[in-house]
There are 2 protein chains.
Amino acid sequence: MVRGDHVRSIAWQIEQYLKAMLERASNGVIEVQRSALSELFNCAPSQINYVLSTRFTLAHGYVVETRRGGGGYVRIVRINLSADERLRRFLKEILDEGINENEAQGFIEFLQEEGILTNRESNLLKNICSDRVLSRAVTNANELRSNILQSVLITILREDV
Amino acid sequence: MVRGDHVRSIAWQIEQYLKAMLERASNGVIEVQRSALSELFNCAPSQINYVLSTRFTLAHGYVVETRRGGGGYVRIVRINLSADERLRRFLKEILDEGINENEAQGFIEFLQEEGILTNRESNLLKNICSDRVLSRAVTNANELRSNILQSVLITILREDV
DNA sequence: TCACCTCTGACCATCTTTGACCTTATTGTA
DNA sequence: TACAATAAGGTCAAAGATGGTCAGAGGTGA
């Protein structure tokens, strides 16, 4: 019942598995088969979609491409921040429409993994952008999160130059 | 009261149990499951919440993070309140009332001068706490600033970061 | 008795997991 | 080529698994 020995969700395990695969992949791209993955983790195939849609979104720094039919696959691409045409699309998409807690967490983690934020900055921002902090005081928390992250990016980009 | 050996409440027992666990934990963090804990002590699950909200508050030097759903947990993080008496005082202060833009700027600068925040962290936070960022989305910006700075202090004082 | 803790149960919120049904691509065959 | 069979993957709503809230009942010391 205590500490690290409690069983995490299957979703979490699949997430870890895929991220480890990505880590090993030299080019930041992996391909898996949904059915094979779901068999490996002994779960429903749609569970894989759940994991993808909650943990491998654009905001988290991933693009997922799939193909149906024979020879079908799920391809997960780690976004490369230096490819700035993608970055612009990415920021626009994320920051224009507001961003929820989960997406913000993912985005901040992504910035950290890219070396743009330190671990401590990442922790600070994740807490600041949590519903626990924001939702108390505000109704449109998603919009506020966008404002905050935009100002963070502006500050950092300014510094980098 | 004089006697130390009268029958203690369940709440007290749970408190001791959790604190003993924290003592054993190397980094001041433990994770438990609410349902498992309540079964262990043979009480209602909400009893756990009672213990957490009366004995593991910020003022007591703890932060509680939880997650619902499958694989859910209750995580208790001890923060290092003894680290700095001034921070402690400030924390108490912002727990009560909101603070305006100027006060926030001043406090952030103070933290920077004390070596508690880096220059970059300070810049990030000053921007985030500005009315330019907050006021557009919110009416009670002062209260929100309090929340934000409070979470900043909590993050910094955590033993596991 | 009063004031203040403690404790519970009914009801709520959130995250996960599954299954039934749908869409699309490839392959084999007439 | 047309078509059927087969082999992927997609969607969505409902069920399952946790934890949260709150009002009120239950204890206990002063």
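In what follows, chains carry the letters A, B, and so on, assigned in the order in which the sequence lines appear, proteins first and then strands, with residues in each chain numbered from 1.
Residues Leu58(B) and Ile79(B) form a side-chain contact, since some pair of their non-hydrogen atoms from C-beta on lies under 4.5 Å apart. Using a 4.5 Å heavy-atom cutoff, the side chains of Gln16(B) and Trp12(B) are in contact.
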Q.
Using side-chain hydrogen bond (donor to acceptor under 3.5 Å, both in side chains), reason through Asn127(B) and Arg132(B) one step at a time and then give a plain yes or no.
A. CA-CA 8 Å; Asn127(B) 274 301; Arg132(B) 178 176 47 79; 2.7 Å; yes
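Residue contacts shown for Ile10(B) are limited to sugar-phosphate atoms, with no base heavy atom under 4.0 Å away. Residue contacts for Arg55(A): at a heavy-atom cut-off of 4.0 Å it reaches the sugar-phosphate backbone alone, with no base atom in range.
Residue Asp131(A) contributes atom CG, which lies 15 Å from atom P of dG20(D) at whole-angstrom precision. Between Glu39(B) atom CD and dT18(D) atom P there is a gap of 11 Å when expressed in whole angstrom units. One interatomic measurement links the two molecules: CZ of Arg132(A) to P of dG19(D), which rounds to 18 Å at whole-angstrom precision. Rounded to a whole Å, the CZ atom of Arg67(B) is 15 Å from the C1' atom of dG20(D). At whole-Å resolution of the value, CG in Leu37(B) and C1' in dG20(D) are 15 Å apart. If you take OH of Tyr73(A) and P of dG9(D), they are 11 Å apart, rounded to a whole angstrom. Arg75(A) has its CZ atom 14 Å from the C1' atom of dG9(D), to the nearest Å. Rounded to whole Å, the distance from CG on Leu52(B) to C1' on dT21(D) is 13 Å.
Within the 3.5 Å criterion, the main-chain N or O of Ile148(A) finds a donor-acceptor partner in the side chain of Ser151(A). A donor-acceptor pair under 3.5 Å is absent between the side-chain atoms of Arg8(B) and the main chain of Gln13(B), judged by distance alone. Side chain of Glu101(A) to main chain of Cys129(A): no donor-acceptor pair is present (N/O by atom type, distance under 3.5 Å, no hydrogens or angles).
Contact annotation: Ser35(A) side-chain N/O to dA7(D) OP1/OP2 distance is not under 4.0 Å.
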Check nucleotides 12-17 of chain D against the protein and report each pair of N or O atoms closer than 3.5 Å, with its distance, or say if there are none.
none

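Considering all non-hydrogen atoms of both residues, Phe56(B) and Val64(B) come closest at O-CG2, 3.7 Å.
Taken from CZ in Arg67(B) to OG in Ser9(A), the straight-line distance is 7.0 Å, to the nearest 0.5 Å.
Note that the first and last nucleotides of DNA chain C, 5' to 3', having any atom under 4.0 angstrom from a heavy atom of chain B are dC5(C) to dT16(C).
Under the 3.5 Å distance criterion, with hydrogens and angles disregarded, no donor-acceptor pair is assigned to the side chains of Asn123(A) and Arg120(A).
Of the two residues near DNA chain C, Ala11(B) and Pro45(A), the one whose nearest nucleotide lies more 5' is Ala11(B).
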